[in-house]
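All figures in this text were calculated on a predicted structure; none of them were measured in a lab. Along the sequence shown, residues are numbered consecutively beginning with 1.
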Amino acid sequence: MSVRAIETRDINAILAIQAASPEIAQWTTRDYARVAGGEMAGWVTEEKDQVTGFLVARRIASDLEILNFAVRPDERQKGVGTLLIREAVAWGKTFAAHKAFLEVRSSNLAALLFYERQGFEVTGHRPRYYAAPIEDALVLAVTLA
C-alpha cells in the first residue's frame with residue numbers, strides 16, 4: 001500500500017468512498033478539485049491502482065486541522081486509516097504544528113475508538129454541528145510537539 005498526494009484523477013474514487021461513508025462531511029467534486037489544486041493538503045492510499053482511503057487537512061496558524069477523512073468500507077481495520085493519519089502528522093511536523101485536531105460525530109463510536117488509539121483526546125463539544133441528521137460534534141486533539 002502506498003500514500004501519495006491527491007490528484008484530480010482520484011476525485012471519482014474519493015466521491016465513491018465518501019458516498020459509502022455517510023458519517024463524514026459530504027463534499028463536492030469542486031471541493032476535492034481544490035485539494036488536488038493545492039488549496040489544502042490531501043493524501044490517498046492506493047493498493048493495486050485502487051484508492052482505498054483519503055484524508056484532507058489544512059494548516060491553521062500553528063496547528064493541523066483534519067477536515068475530511070474516510071477509508072473504503074471493505075478496507076477498514078487494515079491499517080489504511082493509521083497510514084493516512086501518520087502522513088498528515090508528518091506533514092504537520094514540517095511546519096512545527098503544535099496540535100492536530102478534528103471534529104467527529106458524537107455517535108461515531110468506531111471513529112472515536114480509532115482516534116483514541118491514535119492518541120487523540122476529546123477537548124470540546126459543538127452542539128448541533130452536523131446536519132442530516134442534526135448531531136453534536138466532539139472536538140478531538142493530539143499534541144504533536
Side-chain angles (χ1 to χ4, degrees), residues 1-61 63-93 97-144:
M1 184 176 340
S2 62
V3 179
R4 61 171 174 76
I6 290 175
E7 300 173 4
T8 303
R9 66 185 169 113
D10 301 318
I11 294 173
N12 286 338
I14 290 169
L15 288 169
I17 293 169
Q18 177 180 279
S21 307
E23 69 279 5
I24 71 166
Q26 299 295 303
W27 288 17
T28 66
T29 299
R30 184 172 182 266
D31 295 325
Y32 292 113
R34 291 175 54 213
V35 177
E39 290 185 39
M40 292 165 264
W43 303 271
V44 293
T45 49
E46 197 173 46
E47 189 163 8
K48 299 179 184 171
D49 295 325
Q50 296 290 313
V51 173
T52 57
F54 72 94
L55 186 148
V56 176
R58 68 179 170 182
R59 179 180 181 171
I60 300 282
D63 289 329
L64 160 68
E65 181 181 18
I66 296 172
L67 299 170
N68 216 354
F69 171 44
V71 174
R72 213 170 66 196
D74 62 328
E75 293 294 327
R76 293 178 184 164
Q77 309 246 339
K78 296 181 181 179
V80 175
T82 298
L83 194 59
L84 286 162
I85 290 286
R86 286 182 183 160
E87 190 72 21
V89 166
W91 174 70
K93 288 180 178 180
H98 294 130
K99 289 187 177 185
F101 66 96
L102 56 89
E103 291 93 12
V104 65
R105 286 182 181 271
S106 59
S107 67
N108 193 342
L109 298 180
L112 288 166
L113 289 171
F114 169 78
Y115 292 126
E116 183 180 276
R117 287 192 304 272
Q118 305 304 315
F120 285 81
E121 296 179 350
V122 175
T123 60
H125 176 252
R126 294 189 173 149
R128 302 176 61 84
Y129 181 78
Y130 290 104
I134 294 171
E135 186 172 354
D136 294 354
L138 297 175
V139 179
L140 281 67
V142 63
T143 300
L144 303 181

**Asked** Any chance CD of E116 has more than 12 other-residue heavy atoms, nucleotides or ligands included, within less than 6.0 Å?
**Response** no
For I6 and L55, the nearest pair of non-hydrogen atoms, with its separation, is CD1-O, 4.1 Å
The reported gap from CD in E75 to OG1 in T45 (rounded to nearest 0.5 angstrom) is 8.0 Å
**Prompt:** Taking the six-membered ring for Trp, are F69 and F114 parallel (under 30°), tilted (30 to 60°) or perpendicular (over 60°)?
**Reply:** tilted
side-chain hydrogen bond (donor to acceptor under 3.5 Å, both in side chains) with S21: of Q26, R76, R72, only one passes, and it is R76
So CD of E47 and NZ of K78: to nearest 0.5 Å the spacing works out to 7.5 Å
Note: E23 and R105 closest approach over all heavy atoms is O-NE, 3.3 Å
Of V56, V104, I85, the one forming a side chain to side chain contact (heavy atoms under 4.5 Å, CB included) with I66 is I85
Checklist line | Atom NZ of K99: over 12 foreign heavy atoms under 6.0 Å | finding: no
Closest non-hydrogen contact found for R59 with W91 is N-CH2, 3.6 Å
Here the gap from D31 atom CG to E39 atom CD, rounded to the nearest 0.5 Å, amounts to 9.5 Å
In short, A137 meets E103 closest at the heavy-atom pair CB-CB, 4.2 Å
CZ of F101 to OG1 of T143, rounded to nearest 0.5 Å, is 12.5 Å
Does R4, at its CZ atom, have more than 12 non-hydrogen atoms belonging to other residues, nucleotides or ligands within less than 6.0 Å? yes
Between D136 and P127, the two heavy atoms sitting closest are OD1-CA, 3.3 Å
Here the gap from L15 atom CG to T28 atom OG1, rounded to the nearest 0.5 Å, amounts to 8.0 Å
One should read off an interatomic distance between W27 CH2 and N68 CG, to the nearest 0.5 angstrom, of 5.0 Å
Does E121, at its CD atom, have more than 12 non-hydrogen atoms belonging to other residues, nucleotides or ligands within less than 6.0 Å? no
Dump the intermediate steps for side-chain hydrogen bond (donor to acceptor under 3.5 Å, both in side chains) on Y32 and D10, then the final yes or no. CA-CA 9 Å; Y32 292 113; D10 301 318; over 6 Å; no
Whether the side chain of R126 engages the backbone of V139 through a donor-acceptor N/O pair (distance < 3.5 Å, no angle test) should be reported. no
Of V142, L140, T82, the one forming a side chain to side chain contact (heavy atoms under 4.5 Å, CB included) with Q118 is T82
Quiz item: Are F54 and I24 close enough, and set up right, to give a side-chain contact (heavy atoms from CB on, under 4.5 Å), and what steps lead you there?
Solution: CA-CA 12 Å; F54 72 94; I24 71 166; 3.8 Å; yes
* **Whether over 12 other heavy atoms sit under 6.0 Å from R30 CZ** => no
Minimal heavy-atom distance between A141 and T123, with the atoms involved, is CB-CG2, 3.9 Å
